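Report on one structure; see the data block that follows.
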Amino acid sequence: MTGLSNGGGCSWEYASFSPAYANRLAGIVPICGSTWPNAQRARIIADANLAVWATHNDLDPIWSVQSTIGWVNLINTVPLPNPLAKITVFQNNSSHDAWSVYL
């Protein structure tokens, strides 16, 4: 499951709603997901060993990269999930658009 901005937030929210929801998914790719991390809900994702690869721009003016960092850090706490949640933070990017490629 993936989503951009609010859709990315919905990816976090759906996957962390319950173990049953988390186990319906092979993985999530939230892109600048607009929802604040929650330790209890992050544990649901971790316990399901749900694959996570989250992306965000470091200077996003719409939704703070700290939310994505928080989710990944909470998921990757002991006991560790397998696989570990992965994060890519695009550096020096002051756009909310973390899904287009600019060359």
Side-chain angles (χ1 to χ4, degrees):
M1 171 181 274
T2 190
L4 318 169
S5 190
N6 282 337
C10 288
S11 296
W12 288 122
E13 293 293 327
Y14 180 91
S16 68
F17 184 75
S18 73
Y21 281 33
N23 286 309
R24 290 179 184 151
L25 302 170
I28 62 171
V29 182
I31 301 169
C32 53
S34 58
T35 188
W36 290 110
N38 174 292
Q40 182 178 2
R41 294 184 76 160
R43 192 75 253 153
I44 290 170
I45 292 172
D47 289 346
N49 292 312
L50 183 63
V52 174
W53 184 7
T55 68
H56 213 115
N57 292 332
D58 65 338
L59 303 175
D60 185 334
I62 305 298
W63 195 260
S64 174
V65 67
Q66 293 306 313
S67 64
T68 297
I69 292 168
W71 273 107
V72 171
N73 286 345
L74 286 171
I75 292 166
N76 288 342
T77 58
V78 176
L80 296 174
N82 183 20
L84 291 172
K86 181 178 175 178
I87 184 172
T88 299
V89 177
F90 300 107
Q91 298 299 308
N92 300 313
N93 192 327
S94 61
S95 169
H96 184 56
D97 179 352
W99 50 89
S100 298
V101 176
Y102 295 100
L103 300 176

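Throughout, numbering of the chain's residues begins at 1 and tracks the sequence. This structure is a prediction, so every number in the text was calculated from the model and none was measured. Scope of the values below: all heavy atoms of this structure, side chains included, with no hydrogens, waters or symmetry mates.
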| Hey, what do you get for CZ (Phe90) to OG1 (Thr55), rounding to the nearest 0.5 Å? | 5.0 Å

| Just how far is it from atom CG of Asn6 to atom CD of Glu13, taken to the nearest 0.5 Å? | 10.5 Å

| request: Say whether Leu59 and Trp99 are linked into one hydrophobic cluster, either directly or through other cluster members, by side-chain heavy-atom distances under 4.5 angstrom. | output: no

| request: Quick one: sort the Tyr21 and Phe17 rings into parallel, tilted or perpendicular, breaks at 30° and 60°. | output: tilted

| Asn73 side chain reached by Ile69 side chain, heavy atoms, under 4.5 Å | yes

| request: With rounding to the nearest 0.5 Å, note down the distance linking OG in Ser5 to CD1 in Ile62. | output: 8.0 Å

| task | In sequence, state the C-alpha distance, the side-chain angles, and the governing distance for Ile75 and Val52, and then conclude on side-chain contact (heavy atoms from CB on, under 4.5 Å). | result | CA-CA 9 Å; Ile75 292 166; Val52 174; 4.3 Å; yes

| ring-ring contact (aromatic ring centres under 6.0 Å, His included) contacts touching residues 30-54 (sequence neighbours left out) | Trp36-Trp63

| query | Is there a path of hydrophobic side-chain contacts, each under 4.5 Å between heavy atoms of I, L, V, M, F, W or Y residues, that connects Ile28 with Ile87? | reply | yes

| query | Can you tell me if Asn38 uses its side chain to pair, donor with acceptor, with the backbone of Gln40 under 3.5 Å? | reply | yes

| Inter- and intrachain pairs under ring-ring contact (aromatic ring centres under 6.0 Å, His included), touching residues 67-88, at least two apart | Trp12-Trp71

| query | Gly33 and Thr68: which non-hydrogen atoms are nearest, and at how many Å? | reply | N-OG1, 4.3 Å

| If you look at every heavy atom in Asn23 and Ala48, which pair is closest and at what distance? | OD1-CB, 3.7 Å

| said: Looking at every non-hydrogen atom in both residues, tell me the closest pair between Ala85 and Val72 and how far apart they are. | reply: O-CG1, 3.8 Å

| query | In Å and rounded to the nearest 0.5 Å, what is the CG to CG distance from Asn82 to Leu50? | reply | 12.0 Å

| Within the side chain of Arg43, is there an N or O that forms a donor-acceptor pair under 3.5 Å with the backbone of Ser16? | no

| Atom of Ala15, atom of Leu25 and distance for their closest heavy-atom approach | CB-CD1, 3.9 Å

| query | Is a side-chain N or O of Asn49 found less than 3.5 angstrom from the main chain of Pro81, in a donor-acceptor match? | reply | no

| message | Checking side chain to side chain contact (heavy atoms under 4.5 Å, CB included) between Val65 and each of Val89, Asp60, Asn93, which is the one that passes? | response | Val89

| query | Ser67 and His56: side-chain contact (heavy atoms from CB on, under 4.5 Å), yes or no, with the steps? | reply | CA-CA 9 Å; Ser67 64; His56 213 115; 4.2 Å; yes

| remark: Taken to the nearest 0.5 Å, the spacing of Leu4 CG from Ile31 CD1 works out to 4.5 Å

| Val29 backbone acceptor or donor facing Thr2 side chain under 3.5 Å | yes

| Does Ser11 use its side chain to pair, donor to acceptor, with the backbone of Gly7 at less than 3.5 Å? | yes

| request: Check for a donor-acceptor pair, side chain of Asn57 on one end and backbone N or O of Ser94 on the other, with a separation under 3.5 Å. | output: no

